[in-house]
Amino acid sequence: MRLLLDTQLYIWAVMDNRKLTKAARKIILDADDVFVSAASIWEAAIKAGLGKLDADVNLLVSEIESSGFIELPVRAAHAAMVRNLPDIHRDPFDRLLIAQAVSEPLRFITSDEYLAAYSDLVITV
């Protein structure tokens, strides 16, 4: 299985946060390839800059490769796919991540139950 991590799950994985459930850890460990989107780093950088996230963004960048994950750049096709998504969720980062998952295709793992309505590619934990 090829997997794209939601921003929050990626941060929890890097920080070894106990909020990352055993089920989520197993899915991540069992995946053939695990991707982290550049959009997740962008989201973290904005939230850290606003004081809404206590995270070292440079560490998040370096941990992609250190964790054995693969960086997924944002491509024009991903951005265009956002236009085709139903208006289920307003968060632009979540919408872009879903668009990436649908475009590639990748399974998308998240703790946000609202995102499951987008596609059967979404795994909620």
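Keep in mind that this is a model prediction, so the values were computed, not measured.
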Got His89 and Asp112 here, is their nearest side-chain heavy-atom distance under 4.5 Å? yes
In one Ile/Leu/Val/Met/Phe/Trp/Tyr side-chain cluster, 4.5 Å: Tyr10, Phe93: no
Check whether any side-chain heavy atom of Pro105 sits under 4.5 Å from a side-chain heavy atom of Leu121, and report yes or no. yes
If every non-hydrogen atom of Ala44 is compared with every non-hydrogen atom of Leu60, which pair is closest and at what distance? CB-CD1, 3.6 Å
Would you say the side chain of Ile46 lies within less than 4.5 Å of the side chain of Leu53, judging by non-hydrogen atoms? no
For Arg18 and Trp12: C-alpha separation, side-chain torsions, deciding distance, then whether side-chain contact (heavy atoms from CB on, under 4.5 Å) applies. CA-CA 8 Å; Arg18 67 175 186 256; Trp12 288 345; over 6 Å; no
Closest non-hydrogen atom pair between Ala48 and Ala55, with its separation: CB-O, 4.1 Å
Residue list, side-chain contact (heavy atoms from CB on, under 4.5 Å) with Arg25, at least two apart or on another chain: Asp16, Leu20
With side chains defined as the heavy atoms from C-beta onward, is the minimum distance between Arg107 and Val122 less than 4.5 Å? no
With sequence neighbours left out, what residues match Leu85 under side-chain contact (heavy atoms from CB on, under 4.5 Å)? Arg95, Ile98, Ala99, Tyr118
Among Leu4, Leu5, Val36, find the one that has a side chain to side chain contact (heavy atoms under 4.5 Å, CB included) with Leu72. Leu4
Tell me whether Leu9 is reachable from Met1 by hopping between hydrophobic residues (I, L, V, M, F, W, Y) whose side-chain heavy atoms are closer than 4.5 Å. yes
Using the side chain to side chain contact (heavy atoms under 4.5 Å, CB included) definition, which of the options Ile123, Ile70, Asp33 pairs with Leu3? Ile123
From Arg75 atom CZ to Met81 atom CE, the distance as rounded to the nearest 0.5 Å: 13.0 Å
Taking the side chain as everything from C-beta on, heavy atoms only, tell me whether Val102 gets closer than 4.5 Å to Phe108. no
With a 4.5 Å limit on heavy-atom distance, are the side chains of Val74 and Trp42 in contact? no
Only one of Ile28, Ile64, Leu106, Ile109 passes side chain to side chain contact (heavy atoms under 4.5 Å, CB included) with Val34, and that residue is Ile28
For residues Gln8 and Lys19, determine if any side-chain heavy atom of one lies less than 4.5 Å from a side-chain heavy atom of the other. no
With a 4.5 Å cut-off on side-chain heavy atoms, are Asp94 and Thr7 touching? no
Any idea which heavy atoms bring Gln100 and Ala39 closest together, and the distance? OE1-CB, 4.4 Å
Count the heavy atoms belonging to other residues, nucleotides or ligands that lie under 6.0 Å from CG of Asp30, then report whether that count exceeds 12. yes
For Phe35, all residues meeting ring-ring contact (aromatic ring centres under 6.0 Å, His included), sequence neighbours excluded: none
Heavy atoms only: give me the nearest Ala77-Ser103 pair and the separation to one decimal. O-OG, 4.0 Å
For a side chain to side chain contact (heavy atoms under 4.5 Å, CB included) with Thr124, tell me which candidate from Asp6, Leu115, Thr110 qualifies. Thr110
Note: Ser37 and Leu97 closest approach over all heavy atoms is CB-CD2, 3.4 Å
